[in-house]
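Report on the structure given below.
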Amino acid sequence: MAGKPLVAVTRIIPEAGLSVLRERTEIRLWEEEMPPDPEELGELLTGAAGALTLLTDVIDGAVLDREPQLKVISNFAVGYDNVDVEAATERGVAVCNTPGVLTETTADFAWTLMMAAARRVVESVEYVRAGQWKTWGPTLLLGRDIHGATIGIVGFGRIGKEMARRARGFDMRILAYDTHQDDEGAAEFGVEFRPLDDLLRESDFVTLHVALTPETTHLIGARELGLMKPEAVLVNASRGPVVDTAALVAALRDGEIWAAGLDVTDPEPLPPDHPLITMPNAIVVPHTASATVATRDNMAALAAKNLLAVLDGEMPPEIVNPEVLKRQ
Ligand code: DGY
């Protein structure tokens with residue numbers, strides 16, 4: 001009788017996923033806090049039938065060529081820019097991700113960043129902690145109103161739509177930009193589609209929710225930041241390289257935009273003395289928009305389910321390249 005298939009899991013994920021895998025597979029688990037380096041990743045994947053990977057693991061053609069027995073890369077994230085999907089598809093390897101289960105949680109946090117940047121929450125807390133709070137001040141730590149303002153949502157997918165839902169509750173005018181104009185979604189959420197440049201010119205808040213692709217790399221650079229209002233707040237909860245970091249530093253420093261709330265950066269992490277970390281008008285958090293207990297459990301369970309389905313020869317609930325399984 002054949003033993004359990006070997007699967008590599010590149011970091012400790014919630015039990016909600018590990019326990020499911022443990023029942024059906026032999027797990028080779030990377031238990032360090034830091035991701036495996038390329039050599040360690042290679043060793044971890046040796047002989048594995050499946051891999052449950054994180055967004056910090058680069059899976060390219062060279063990695064896949066060393067492990068021709070690999071059937072599935074199940075990414076513990078909705079984004080899969082760390083995986084060369086074309087290379088995987090050519091080699092018949094299924095690539096899975098975890099959309100849906102993190103949508104609201106990520107939108108909640110992008111909204112939190114937007115409000116925190118607009119209302120200078122971090123600066124205010126630092127002010128109090130530093131013992132500077134002497135009295136109530138009429139012009140102390142003035143922020144920007146969110147209610148009634150215009151929000152520009154770049155990327156009108158699942159998370160972008162959830163931002164629109166939240167914006168309605170704040171009586172905002174809602175603009176969106178996407179390469180695909182979803183008129184039904186626009187009608188449902190009271191959204192007006194705009195070309196990107198117009199959205200940037202008209203919005204008080206610009207929030208980014210696109211996947212990282214060659215087309216969206218540096219989608220927001222010096223020119224685009226220059227189009228934004230000097231009072232505008234930029235939120236990025238997509239991927240760091242969607243924004244040109246040097247251009248953003250310059251725009252925040254020179255008052256071209258007012259503030260930024262960043263769940264993601266380029267590079268990630270930023271060095272502790274980086275201007276984005278030390279500037280008062282930038283809030284940087286460590287890519288934690290989906291980090292709630294329930295959502296990380298759901299991501300782990302879905303990633304495990306995706307992986308096992310492929311090993312069982314079934315179509316997984318979430319797959320990026322279904323053609324791989326259809327042609328088998
Ligand atoms: C993702 O899923 O792509 C996020 O960046 C992490 O939850």
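Heavy-atom basis, side chains included; hydrogens, waters and symmetry copies ignored. Both ligands and their constituent atoms are indexed starting at 1 by order of listing. Computed from a prediction, not measured in an experiment: that's the story for all the values here.
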Exercise: do Thr56 and Arg11 side chains pair donor with acceptor under 3.5 Å: yes

Does the plane of the ring in Trp111 sit parallel, tilted or perpendicular to the ring in Phe170? Use 30° and 60° as the thresholds. tilted

Which residue owns the protein heavy atom closest to atom 7 (O) of ligand 1, what's the atom, and how far is it?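 Checking every protein heavy atom, the shortest distance to atom 7 (O) of ligand 1 gives Ser290 OG, 2.6 Å.
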
Considering only the protein, which heavy-atom contact is closest to atom 2 (O) of ligand 1, and what is its distance? Val78 N, 2.7 Å

Run the salt-bridge test on Arg194 and Glu192 with the 4.0 Å N-O cut-off and return the result as yes or no. yes

I want to check something: taking the side chain as every heavy atom from C-beta on, are Ile151 and Thr207 in contact at a cut-off of under 4.5 Å?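 Yes, their side chains come closer than 4.5 Å.
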
With a 4.5 Å limit on heavy-atom distance, are the side chains of Arg24 and Asp312 in contact?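 Contact flag for Arg24/Asp312 side chains = yes.
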
Would you verify whether the NZ or CZ of Lys161 falls within 45 degrees of the ring axis of Phe156 while also being under 6.0 Å from that six-membered ring's centre?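 Yes, a cation-pi geometry holds between Lys161 and Phe156.
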
Under 4.0 Å from any heavy atom of [X], which atoms of ligand 1 are there?
X      : result
Leu102 : 2 (O), 7 (O)
His287 : 4 (C), 5 (O), 6 (C)
Met299 : 7 (O)
Ala77  : 1 (C), 2 (O), 3 (O)

Distance-only N or O hit between ligand 1 and Arg296, under 3.5 Å: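 No; every N/O pair is 3.5 Å or more apart.
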
